[in-house]
Amino acid sequence: MPELPEVETVRRGLAPVLEGRILVRVEQRRANLRLPFPNDFATRLRGRQVAEVGRRAKYLLFRLDSGEVLIAHLGMSGSFRIFHRDPPAPGPHDHVVIETDKKVTLHFHDPRRFGLMTLTRADDLETHSMLAGLGPEPLEKGFDEAFLAERLRGRRSPIKTALMDQKIIAGLGNIYASEILFRAGISPRRKADSIRGVRARRLVWAVRDVLGEAIIAGGSSLRDHRAPGGELGYFQHRFAVYGRPGEPCPDCDCDPARTGGIRRMVQSGRSTFYCARRQR
DNA sequence: CCTTCTCCCTGCAAGC
DNA sequence: TGCTTGCAGGGAGAAG
């Protein structure tokens, strides 16, 4: 379940291996993922040099010397694997195979095919429909309590749902939304509009802290996420609430047998985990 | 405009 | 054991 920390971990794994490499062979092994591949996908990549591997929200951005950018999204189950020599034969879910000079091979693997790859001109990147309208990067300047309170003003949805809205903040998904609200001591049910002042400050800090710690841990490896070198992330062991219904709250130790402990509920069709005592 | 719902897809686990 | 069912979830688009 790649969210910002997982995608950033992937970017950090790919950048040193791919930057400066020339894509000598590109094999597109099916017509579509979540969306169709663009016309002449393999042809437009072949022979190009990778200038930079970047990230915006949950999108990976491979800037090419042709002036085009390869936009890749991992969806739910997408992953890249790097092989420094003798890559294995691609399996049924290895949808794109890219060979570079220096014998490096890249596989894009995505069993559920919620991911996507497309190409656009670098000049048009910011106005591309996938990137236009995204909220700010939560780990960069410009994301602060004043900005957050302004963005949440008038929002009637629960704060948990608002945190997952990519137009408000870019890069948060279901797992980190629960973890961040726990860290901030804010109820996931609270109306987004009521997040102001000290709560907005706590929430901004929680966003930065949780995401920062998760990136240092290499993201979370629940089912699918691995770094491109095959390394597992280990932030899942540090989840305070996600996937832990019925366990005692790690902060207040409220007893699950007496209505305390971590609870699960569904908001907008997604599981939310929280401690009712600690989060208000 | 804002919010919620539905769908896309496969793999896994729980339950019968 | 072997089947069915439900859940996992990012994002687009429809519906309310």
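Here the structure is a predicted model, which is why all the values come from computation and not from measurement. Quick note on labels: first sequence line is chain A, next is B, and so on, each numbered from 1.
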Quick check for you: among [options], whose closest atom lies nearest to any side-chain atom of [X]?
{"X": "A:R264", "options": "C:dC7, B:dT4, C:dG11", "result": "C:dC7"}
{"X": "A:E3", "options": "B:dT10, C:dG10, B:dT4", "result": "C:dG10"}
{"X": "A:Q166", "options": "B:dC8, C:dG11, C:dA8", "result": "C:dG11"}
{"X": "A:P111", "options": "C:dG11, B:dC9, B:dG11", "result": "B:dG11"}
{"X": "A:S268", "options": "B:dT4, C:dA8, B:dC8", "result": "B:dT4"}
{"X": "A:N174", "options": "B:dT4, C:dA12, C:dG10", "result": "C:dG10"}
{"X": "A:H93", "options": "C:dG10, B:dT10, C:dA12", "result": "B:dT10"}
{"X": "A:F114", "options": "B:dT4, B:dT10, C:dG10", "result": "C:dG10"}

Do [X] and [Y] have side-chain atoms, one donor and one acceptor, less than 3.5 Å apart?
{"X": "A:S220", "Y": "A:Y176", "result": "yes"}
{"X": "A:R280", "Y": "A:S187", "result": "no"}
{"X": "A:Q267", "Y": "A:T272", "result": "yes"}

*Can a donor-acceptor pair under 3.5 Å be found between the side-chain atoms of A:R270 and the base atoms of C:dG10?*
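Side chain to base: pair present.
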Phosphate contact ([N] OP1 or OP2) by [X] side-chain N/O below 4.0 Å:
{"X": "A:H73", "N": "C:dG10", "value": "no"}
{"X": "A:R113", "N": "B:dC8", "value": "no"}
{"X": "A:R112", "N": "B:dG11", "value": "no"}

What integer distance in Å separates [X]:[atom1] from [N]:[atom2]?
{"X": "A:D110", "N": "C:dA8", "atom1": "CG", "atom2": "P", "result": "19 Å"}
{"X": "A:R151", "N": "B:dC2", "atom1": "CZ", "atom2": "P", "result": "10 Å"}
{"X": "A:I71", "N": "C:dA12", "atom1": "CD1", "atom2": "P", "result": "11 Å"}
{"X": "A:L152", "N": "B:dT3", "atom1": "CG", "atom2": "P", "result": "10 Å"}
{"X": "A:L116", "N": "B:dC7", "atom1": "CG", "atom2": "C1'", "result": "16 Å"}
{"X": "A:R156", "N": "B:dC2", "atom1": "CZ", "atom2": "P", "result": "12 Å"}
{"X": "A:I175", "N": "C:dG10", "atom1": "CD1", "atom2": "P", "result": "7 Å"}
{"X": "A:M164", "N": "C:dG11", "atom1": "CE", "atom2": "C1'", "result": "10 Å"}

*Could you tell me whether A:R34 contacts a base, only the sugar-phosphate backbone, or nothing, with contacts defined as non-hydrogen atoms closer than 4.0 Å?*
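Base, at least one base heavy atom under 4.0 Å.
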*Can you tell me how far the CE atom of A:M117 sits from the CG atom of A:L45, to the nearest 0.5 Å?*
8.5 Å
*Between A:E68 (side chain) and A:A122 (backbone), is there a donor-acceptor pair under 3.5 Å?*
no
*Give me the one residue out of A:I98, A:V97, A:V96, A:D94 that meets side-chain contact (heavy atoms from CB on, under 4.5 Å) with A:F108.*
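It is A:V96; the other options fail the test.
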